[in-house]
Amino acid sequence: MFVVMQAGATEAQIQGVIDRLVELGFTVHRSTGVVHTVLGGIGPVENIELADFEVMDGVKECHRIMSPYKLASRQLRPGGTVIKVRDVEIGTPKVVVMAGPCSIETPAQVEAAAAAVARSGARIFRGGAFKPRSSPYSFQGLGEDGLKMMREAADRHNLLTVSEVMDQAQIEAMLPYIDILQVGARNMQNYTLLKELGHIDRPVLLKRGISATIEELLLSAEYVLSGGNEKVILCERGIRTFESATRNTMDLSAIPVVKQLSHLPMFADPSHGTGRRDKVIPMARAAVAAGADGLLIEVHPDPDRALSDGAQSLRPNQFDELMRQLRMIAQAVGREM
Ligand code: PEP
Ligand code: MN
């Protein structure tokens with residue numbers, strides 16, 4: 001259930017409701033909005049009468065949350081969530097772009113990629129150092145050396161960093177270098193990893209699994225949120241269907257669906273979503289038009305020689321042109337870039 005406090009509710013009134021919920025066996029998650037404080041209670045909701053809370057001092061209204069995910073539900077924060085990562089805000093009308101190579105490969109490659117994406121207006125630099133490859137014989141990533149290279153290049157170009165964490169044992173090593181920890185499609189239901197990420201204070205970019213429903217994606221987000229980490233960004237990256245013309249089927253409808261069901265920011269990754277450079281561009285445009293809060297796009301200075309995902313990586317000039325087009329689309333749908 002959740003309790004919305006009145007605009008002028010005092011700290012004592014808020015604490016009174018929290019205490020009562022705790023007495024009844026609830027775990028309480030407090031979120032302070034611009035106007036209202038909202039208290040999300042996870043517990044034996046079937047045993048309580050909402051009216052008992054509605055009459056408490058300082059309470060505006062209270063409701064049961066009917067969805068299986070509670071803290072991820074838009075009911076809890078109808079106005080949406082803004083996640084602040086250093087000087088970048090995610091979840092505002094401004095569309096945020098994360099771009100960079102699939103994998104961190106060499107200092108020269110990282111530098112060229114970071115310079116290019118920064119020049120075109122991306123705010124966040126992506127790159128994998130721990131790579132989840134379908135084959136054990138494929139390039140597996142540079143590990144901590146790659147993270148370091150990535151951080152140095154990002155700092156030279158005033159970019160934040162996002163990189164994939166594949167295992168809880170890697171979290172500690174990533175924290176000094178990485179601003180946003182990415183959970184890949186293959187790990188969306190790695191509940192041990194999700195629980196661990198719930199206990200740290202670092203934003204998480206949670207990608208949809210290749211055969212996961214939207215409800216399962218939101219339940220995975222719930223694992224991180226219920227651990228106490230409120231900074232979760234969701235990402236559609238294509239799902240597996242019977243279609244073989246593209247690497248995955250980019251489910252753009254997930255964007256408005258998630259925006260309705262959840263208050264969390266929703267991103268789109270048309271690179272993994274389509275697997276082909278020429279298809280990334282139209283799907284990136286469509287994702288912004290569909291209401292995505294941001295994009296994750298693979299850009300490589302020399303995609304023909306990339307160690308992973310070259311076919312779906314944009315060349316810097318293509319990325320620059322895409323960003324120019326996205327600015328116009330964003331404006332047309334009431335967003336900015
Ligand atoms: C990636 O972003 O490089 C990646 C491996 O993505 P996904 O987990 O969506 O396949
Ligand atoms: Mn990739």
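Whatever order the structure lists them in is the order used to number ligands and atoms, beginning at 1.
Side-chain atoms of Ser308 and Ser103 include a donor-acceptor pair closer than 3.5 Å.
When the shell of 6.0 Å around CZ of Arg240 is examined, it contains 12 or fewer heavy atoms from other residues, nucleotides or ligands.
Around ligand 1, the residues contributing at least one heavy atom under 4.0 Å from the ligand are Cys102, Arg126, Lys131, Pro132, Glu164, Gln182, Gly184, Ala185, Arg186, Lys207, Arg237, His272, Glu298.
Annotation: protein N, O or S atoms under 2.8 Å of the Mn ion (ligand 2) (waters excluded) comprise Cys102 SG, His272 NE2, Glu298 OE2, Asp309 OD2.
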Between side-chain atoms of residues 49-64 and protein atoms elsewhere (two or more places apart, or another chain), which donor-acceptor pairs fall under 3.5 Å?
from  : atom 1 : to    : atom 2 : distance (Å)
Glu61 : OE2    : His63 : NE2    : 2.9
Arg64 : NH1    : Val45 : O      : 2.8

Atom pairs and distances, side-chain donor-acceptor, residues 223-234, under 3.5 Å, sequence neighbours left out:
from   : atom 1 : to     : atom 2 : distance (Å)
Ser226 : OG     : Glu222 : O      : 2.8
Ser226 : OG     : Tyr223 : O      : 3.2
Asn229 : OD1    : Lys231 : N      : 3.0
Asn229 : ND2    : Leu197 : O      : 3.0
Asn229 : ND2    : Ile200 : O      : 3.1
Asn229 : ND2    : Arg202 : O      : 2.9
Glu230 : OE1    : Arg77  : NH2    : 3.0
Lys231 : NZ     : Asp201 : OD1    : 3.3

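Between Asp179 and Arg86, at least one side-chain N (NZ, or NE/NH1/NH2) sits under 4.0 Å from a carboxylate O, which counts as a salt bridge. Looking at Glu298 and Arg126, a side-chain N of the basic residue comes within less than 4.0 Å of a carboxylate O on the acidic one, giving a salt bridge. Electrostatic pairing of Asp87 and Arg123 counts as a salt bridge here, judged by a charged N lying under 4.0 Å from a carboxylate O. Salt-bridge formation is detected for the pair Glu11/Arg30: a Lys NZ or Arg NE/NH1/NH2 atom is positioned less than 4.0 Å from an Asp or Glu carboxylate oxygen.
The shortest distance between side-chain heavy atoms of Ile210 and Asn248 falls below 4.5 Å.
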